[in-house]
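In what follows, chains carry the letters A, B, and so on, assigned in the order in which the sequence lines appear, proteins first and then strands, with residues in each chain numbered from 1. Hydrogens, waters and symmetry mates are skipped; everything else that's a heavy atom, side chains included, is used. This is a predicted model, so every value here is computed, not measured.
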Amino acid sequence: MTENSANTPPQTPTQPPIRVRIAPSPTGDPHVGTAYIGLINFIYARQRGGQFVLRIEDTDRARFVATSEQMIFDALHWLGLTWDEGPDVGGPYGPYRQSERTAIYREYVEILLKNGTAYRAFEDAEELEALRQRQIAAKLPPRYDGAHRSLTQQQIDAYRAEGRPYVIRLKVPEGSTTFRDELRGDITFEHSNVDDQVLMKSDGFPTYHLANVVDDYLMRITDVIRAEEWISSTPKHVLLYQAFGWPTPRFWHMPLLRNLDKSKISKRKNPVSLVYYRETGFLPQAVINFLGLMGGGMPSPTPVEVVNGAKESEIFSLDEMVQKFEVPNIRLGGPVFDLTKLKWLNSEYLRALTPDAFFTALRSTVLSDDYLRNISTLIQTRVETLGQFGDLTAFLLKDNILPPPEVWVPKKRTPEETLLFAADQLALLETTEWTHEAMELVLKQLGEEKSWSVKENFMLLRAIVSGSTMSPPLLESMVVFGKARTLDRLRRFQDTQKKLAHK
RNA sequence: GGCGUUAUGGUGUAACUGGUUAACACGUCGCCCUCUCAAGGCGAAGAGUCCGGGUUCGAGCCCCGGUAACGCUACCA
């Protein structure tokens with residue numbers, strides 16, 4: 001370890017200043033879950049005069065999306081959340097982007113290697129997969145078998161001389177780990193159920209677990225407020241703090257936002273992109289208000305308020321949340337992210353706007369100059385009079401499109417195979433760069449693979465996106481309409497057809 | 001399968017330290033208002049608090065045992 005002024009423990013006998021953080025991964029569109037956890041952290045920090053840190057966890061090179069980081073900043077700002085330290089605003093504990101901290105992780109993992117709490121493992125992905133398959137076949141829990149836990153120095157040197165890639169794993173000792181969850185109390189895990197977690201991947205990047213613990217320590221985070229899905233990996237984190245000889249922060253695990261069927265919120269069943277909410281015309285005040293309703297936390301209205309204006313008790317601003325929200329009062333049951341209620345809230349905010357503000361809201365979102373300009377270029381050569389604008393562009397202005405089967409099922413296809421193909425299109429477009437050229441290429445490839453003619457292929461997509469077999473150029477329209485809204489439309493189509501099929 | 005977490009109307013929440021008939025909001029339905037649709041007003045249905053035991057004069061709140069749902073179980077976060 002080199003000299004590092006940030007090396008003092010985050011918790012000294014005199015209460016250190018509260019510091020919290022969110023650590024989103026730039027792997028796609030900014031997620032409502034990120035906003036939810038961000039909101040809770042923001043409130044917690046603001047209430048206690050603490051600092052709120054934004055850290056970008058971009059250690060997964062495979063899933064990295066270059067445009068994602070800026071979208072995260074924009075979406076959180078849109079909601080009114082601000083942070084004291086982060087990649088964009090700097091701060092005393094930077095860098096705040098994990099990809100810029102790899103030297104730090106290497107340095108720290110070296111400490112673990114030296115003190116015997118971590119070790120090199122030379123198996124490659126195939127070997128591990130084979131091991132996993134054997135364990136599953138034998139009905140054993142799939143787990144790393146610790147084969148390389150105690151390689152001799154000679155073996156290690158030999159492997160390294162060959163240039164064989166390796167990962168660094170945490171050496172989980174015998175026993176058990178108990179940690180306190182501030183919302184639930186003590187939680188204990190037997191170490192027999194804790195895997196020798198990979199800390200450093202063979203590409204030299206840390207895994208979440210290592211980077212997270214090292215950064216939280218170096219950034220002097222006092223309270224880790226994150227989603228419930230992290231509970232099972234918390235013992236690994238605690239073990240890491242111990243391996244380094246560092247005190248642990250407080251842990252608060254927030255309930256997971258859910259779909260209507262109670263599963264963890266997902267794009268299949270709900271719009272989860274904050275971009276979607278912005279583009280389809282939700283007001284940020286409504287979205288943040290709705291998020292504040294999730295999991296309780298706001299005080300219940302007094303009887304007087306109930307009599308005089310019960311509604312008021314569910315409508316509150318970010319500032320009011322900072323004043324009244326109590327993080328420790330959070331309910332633990334996973335709240336359903338119910339669009340119906342969000343829409344009601346949004347309508348309340350919309351109605352409360354002055355006519356002028358309402359018009360401005362409209363003109364800055366679904367009828368913005370930029371949007372209208374982009375649309376207009378699509379139809380200029382296709383209209384006889386300007387009055388036909390609406391006829392040709394309605395599908396780009398509407399919230400919902402529901403094409404009938406005679407429109408979306410090609411003549412020589414069955415509804416079943418068409419639906420299947422549409423699902424393939426959707427899956428493909430989800431991971432495709434949102435440009436005309438990129439989409440055209442992958443769609444045509446898909447068509448060839450599945451023996452769908454270009455005409456059938458694009459006509460189907462056109463039907464789903466525009467609700468008609470006639471439209472301005474499809475891919476250009478999709479680009480203008482935007483990835484978030486287009487994909488949501490495709491997903492809603494799948495969803496609707498599935499529901500119809502089950503009836 | 002293993003481990004962990006959670007559980008109040010369809011949904012979000014409420015119910016002081018156990019204390020009357022489990023409250024509020026969204027949604028749904030009906031009525032009123034109204035050129036329509038919303039909004040607004042009035043009203044209704046909808047849970048006996050996951051299930052089974054126990055403690056207690058009294059349990060949604062405490063204890064024990066189940067069940068279900070969800071999460072984790074990657075060189076993803």
Side-chain angles (χ1 to χ4, degrees), chain A residues 23-28 31 33-34 57-64 98 121-129 132 135-136 138-144 165-169 176 181 183-185 187-195 197-212 226-236 253 255-265 290-303 305-307 309-315 329-345 347-348 350-351:
Chain A
S25 289
T27 53
H31 197 277
T34 302
E57 301 220 342
D58 54 352
T59 56
D60 184 353
R61 295 184 312 166
R63 293 203 303 155
F64 178 74
Q98 289 186 331
F122 295 84
E123 294 94 343
D124 62 27
E126 287 101 76
E127 289 173 284
L128 291 173
E129 184 53 31
R132 203 169 297 129
Q135 289 167 326
I136 291 169
K139 296 202 193 286
L140 291 166
R143 200 187 313 289
Y144 178 62
Y166 62 87
V167 300
I168 297 173
R169 288 179 181 270
S176 66
D181 177 293
L183 295 172
R184 293 158 239 262
I187 299 176
T188 299
F189 282 82
E190 295 297 327
H191 290 180
S192 56
N193 295 313
V194 181
D195 212 350
Q197 184 63 49
V198 171
L199 302 176
M200 187 74 87
K201 304 177 233 176
S202 55
D203 65 3
F205 277 79
T207 58
Y208 169 86
H209 308 282
L210 203 228
N212 191 262
R226 80 230 297 189
E228 186 181 4
E229 56 188 331
W230 293 105
I231 289 178
S232 344
S233 27
T234 304
K236 292 168 186 171
H253 290 99
L256 244 22
L257 261 25
R258 308 295 181 96
N259 298 311
L260 224 33
D261 64 6
K262 298 279 186 184
S263 53
K264 173 165 116 175
I265 194 167
F290 181 62
L291 255 12
L293 247 23
M294 302 279 90
M298 283 299 275
S300 50
T302 66
E305 280 170 336
V306 170
V307 172
K311 270 188 198 167
E312 258 45 47
S313 66
E314 291 203 309
I315 296 184
N329 286 352
I330 289 286
R331 297 192 55 76
L332 271 5
V336 171
F337 192 90
D338 187 357
L339 250 1
T340 308
K341 185 127 183 185
L342 207 210
K343 283 181 186 165
W344 167 75
L345 258 178
S347 72
E348 289 286 318
L350 248 18
R351 273 194 292 275

Provide the closest heavy-atom pair for [X] versus [Y] in the form atom of the first, atom of the second, distance.
X      : Y      : answer
A:Q98  : A:N212 : NE2-N, 4.1 Å
A:L293 : A:E314 : CD1-O, 3.9 Å
A:L183 : A:L332 : O-CD2, 3.7 Å
A:V167 : A:S202 : CG1-N, 3.8 Å

Any strand is fair game: report the nucleotide pairing with [N] by Watson-Crick or G-U wobble, both distances under 3.5 Å, or none.
N      : value
B:rA23 : B:rU13
B:rC50 : B:rG66
B:rU55 : none
B:rC3  : B:rG71
B:rC42 : B:rG30

Need one value for [X]: base, sugar-phosphate or nothing, where a base atom within 4.0 Å counts as base even if backbone is also close, heavy atoms only.
X      : result
A:S192 : nothing
A:D124 : base
A:E123 : base
A:V167 : base
A:M200 : nothing
A:S347 : nothing
A:F189 : sugar-phosphate
A:S202 : base

In whole angstrom, give the distance that lies between atom [atom1] of [X] and atom [atom2] of [N].
X      : N      : atom1 : atom2 : result
A:D181 : B:rC72 : CG    : C1'   : 15 Å
A:L199 : B:rC75 : CG    : P     : 11 Å
A:I330 : B:rU6  : CD1   : P     : 14 Å
A:H209 : B:rA77 : NE2   : P     : 7 Å
A:I315 : B:rC24 : CD1   : P     : 17 Å
A:H191 : B:rC72 : NE2   : P     : 21 Å
A:D60  : B:rC76 : CG    : P     : 6 Å
A:R143 : B:rA74 : CZ    : P     : 9 Å

**OP:** Could you tell me whether B:rG60 is syn or anti, where syn means a glycosidic angle within 90 degrees of zero?
**Re:** anti
Starting the side chain at C-beta, find the nucleotide from [options] nearest to [X].
X      : options                : result
A:W230 : B:rA77, B:rC75, B:rG4  : B:rA77
A:E348 : B:rA77, B:rG40, B:rG71 : B:rG40
A:S263 : B:rA77, B:rG71, B:rA25 : B:rG71
A:I231 : B:rA77, B:rC72, B:rG4  : B:rG4
A:W344 : B:rC26, B:rG12, B:rA77 : B:rC26
A:R351 : B:rG4, B:rA39, B:rC70  : B:rA39
A:E228 : B:rC26, B:rG12, B:rU5  : B:rU5
A:N193 : B:rG2, B:rC76, B:rC70  : B:rG2

Would you tell me if any nitrogen or oxygen in the side chain of [X] comes within less than 4.0 Å of OP1 or OP2 on [N]?
X      : N      : value
A:K201 : B:rC76 : yes
A:T59  : B:rC76 : no
A:K262 : B:rG12 : yes
A:R63  : B:rA77 : no
A:K236 : B:rC72 : no

Original post:
For A:Y144, is the NZ or CZ atom of A:R169 found under 6.0 angstrom from the centre of its six-membered ring and inside 45 degrees of the ring axis?
Top reply: yes
Original post:
Does A:W230 have its ring centroid less than 6.0 Å away from the ring centroid of A:Y208?
Top reply: yes
For atom [atom1], what is the distance between [N] and [M], given to the nearest Å?
N      : M      : atom1 : value
B:rG4  : B:rG43 : C1'   : 46 Å
B:rA47 : B:rU8  : C1'   : 7 Å
B:rA68 : B:rC76 : P     : 34 Å
B:rG48 : B:rG9  : C1'   : 10 Å
B:rC32 : B:rC24 : C1'   : 24 Å
B:rC64 : B:rA23 : C1'   : 31 Å
B:rA74 : B:rG27 : P     : 43 Å
B:rC72 : B:rC29 : C1'   : 43 Å

Subject >> Salt bridge A:K341-A:D338, side-chain N to carboxylate O under 4.0 Å >> reply: no
Original post:
Checking only heavy atoms, does the side chain of A:S232 share a donor-acceptor pair with the base of B:rC3 at less than 3.5 Å?
Top reply: no
Subject >> First of A:R331 and A:R184 reached from the 5' end of RNA chain B, by closest nucleotide >> reply: A:R184
Original post:
Which comes earlier along RNA chain B counting from the 5' end, the contact point of A:L260 or that of A:L342, where each point is its nearest nucleotide?
Top reply: A:L260
**OP:** Flag yes if more than 12 heavy atoms outside A:K343 fall under 6.0 Å of its NZ atom; otherwise flag no.
**Re:** no
**OP:** May I have the step-by-step check of side chain to side chain contact (heavy atoms under 4.5 Å, CB included) for A:E228 and A:R184, ending in yes or no?
**Re:** CA-CA 11 Å; A:E228 186 181 4; A:R184 293 158 239 262; 3.8 Å; yes
